[in-house]
Amino acid sequence: MIRILSILGLFGALLVGSVATQAVTAPKAYADGCYTWSRTLSEGTSGEDVRQLQIRVAGYPAYGGHIAADGAFGPATKAAVQRFQSAYGLGADGIAGPATFSKIYALQDDDCTPIHFTYAELDDGCGGSGWDGGPLSAAATKANALQTMWQLEAMRHALGDQPLTITSGFRSIPCNNSVGGASSSQHLYGRAADLVGVHSLCTLAKQARYHGFGGIFGPGYPGHDDHTHVDIRTSNSWSAPNCGI
């Protein structure tokens, strides 16, 4: 009897140990280092979680369009979510749920930037001195730069995920003056990027029209024969005469 109880005790100990091991190794609920959505979002919802979503799908408004990051999930946001979903092979129902959020998590780093762009790339005007020195607060300028990067990520993906190189991003007022930038340049606000890359400058200018860029200036526009400028203003001003734009 003692031997049987001993065996049963040993079995119980092994069972408890096994359960404890399973408890330790069980996968945690997924949470993202930058932002984690806690509910499914669809047309009619509103809030900060919608605004965070809008920033990440701002590059999918269709030709000549723009997505407002206003926290209100309307028809334009639904259509942008559908285009984002289609671009990454997801079911394109316009409802942002676990599959959509998982794709966004995979596309962003812990500082909220998309994986193929960094704040350092956008803060390169005159040596990367930070986000102050422009007309806006440093926080507002950096927030604009974040949306600029997400729109660039959408454009990069549409162009086959080949690199885009930013030759000029945010500029402080002294920096902008030193390079001869316009007094109202979108670079001052963190909303602009000058691009080169493996694609032709005309290819960049033409593709930018589909990703929410209101300002597009390229070959044939004065001072833009060696790069394509894109910015996230919400009214369209496009000129790249050598590209038919």
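All values below were derived from every heavy atom in this structure, side-chain atoms included, with hydrogens, water molecules and symmetry-related copies excluded.
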- Item | Ser42 versus Thr45, side-chain donor and acceptor atoms under 3.5 Å | no

- Query: Can you find a heavy atom in the side chain of Leu90 that is under 4.5 Å from one in the side chain of Lys103?
  - Reply: yes

- Note on the structure: For Asp123 and Trp131 the tightest heavy-atom approach is CB-CZ2, 3.5 Å

- Query: Do Glu43 and Thr77 have a side chain donor and acceptor closer than 3.5 Å?
  - Reply: no

- Task: Would you check if the side chain of Gln162 reaches a backbone N or O of Arg156 as a donor-acceptor pair within less than 3.5 Å?
- Result: no

- The side chain to side chain contact (heavy atoms under 4.5 Å, CB included) partners of Ala87 (sequence neighbours excluded) come to Tyr60, His157

- Item | Pairs meeting criterion salt bridge (Lys or Arg N to Asp or Glu O under 4.0 Å) with involvement of residues 75-96, two or more places apart | none

- Query: Members other than Leu188 in its cluster, when Ile, Leu, Val, Met, Phe, Trp, Tyr link by side-chain heavy atoms under 4.5 Å?
  - Reply: Leu136, Ile173, Tyr189

- Task: Measure the spacing between OG1 of Thr234 and CZ of Arg191 and express it to the nearest 0.5 Å.
- Result: 8.0 Å

- Exam field: side chain Glu121 to backbone Thr118, donor-acceptor pair closer than 3.5 Å: yes

- Do side-chain atoms of Gln54 reach the backbone of Gly71 as a donor and acceptor pair under 3.5 angstrom? yes

- Task: Answer yes or no: is there a donor N or O on one side and an acceptor on the other, between the side chain of Gln85 and the main chain of Gly94, under 3.5 Å?
- Result: yes

- Query: Is a side-chain donor or acceptor of Thr203 paired with a backbone partner of His199 at a separation under 3.5 angstrom?
  - Reply: no

- Task: Return the set of residues passing side chain to side chain contact (heavy atoms under 4.5 Å, CB included) with Ser46 (not counting sequence neighbours), or none when no residue passes.
- Result: none

- Ser86: partners by side chain to side chain contact (heavy atoms under 4.5 Å, CB included), with sequence neighbours left out: Ala92

- Sequence neighbours excluded - disulfide (SG to SG under 2.5 Å) pairs with any residue from residues 76-109: none

- Task: Keeping to residues at least two apart or across chains, list the disulfide (SG to SG under 2.5 Å) pairs with something in residues 193-245.
- Result: Cys202-Cys243

- Salt-bridge present (Arg39, Asp49; N to O < 4.0 Å): yes

- Pairs involving residues 44-119, ordered by first then second residue, that meet disulfide (SG to SG under 2.5 Å) (sequence neighbours left out): Cys34-Cys112

- Query: So, does Ser102 use its side chain to make a donor-acceptor pair with the main chain of Ala99 at under 3.5 Å?
  - Reply: no

- Query: Can you list every pair that meets side-chain hydrogen bond (donor to acceptor under 3.5 Å, both in side chains) and has a residue in residues 208-218, with sequence neighbours left out?
  - Reply: Gln207-His211

- Evaluate the side-chain contact (heavy atoms from CB on, under 4.5 Å) criterion for residues Phe170 and Leu122: first the C-alpha distance (whole Å), next the side-chain angles of each, then the deciding distance (0.1 Å), finally the verdict. CA-CA 6 Å; Phe170 166 66; Leu122 263 290; 5.7 Å; no

- Message: Quick check for you: to the nearest 0.5 Å, what is the distance between Leu41 atom CG and Thr100 atom OG1?
- Response: 9.5 Å

- Note on the structure: Scanning both residues in full, the closest heavy-atom pair of Ala58 with Pro61 reads O-CD, 3.5 Å

- Message: Test of understanding: with side chain to side chain contact (heavy atoms under 4.5 Å, CB included), list the residues that count as partners of Pro114, not counting sequence neighbours.
- Response: Phe117, Met149, Trp150, Glu153

- Task: Return each pair, listed once, that meets side-chain hydrogen bond (donor to acceptor under 3.5 Å, both in side chains) where at least one residue sits in residues 214-228; pairs must be two or more places apart or across chains.
- Result: none

- What pairs meet the salt bridge (Lys or Arg N to Asp or Glu O under 4.0 Å) rule with one or both residues in residues 228-240, with sequence neighbours excluded? Asp231-Arg233

- Output the distance between atom CG (Asn236) and atom NE2 (His66), rounded to the nearest 0.5 Å. 3.5 Å

- Lys/Arg-Asp/Glu bridge criterion (N-O < 4.0 Å) met for Asp132, Lys142: no

- Query: Going by atom types alone, do Gln108 and Arg56 pair a side-chain donor with an acceptor below 3.5 Å?
  - Reply: yes

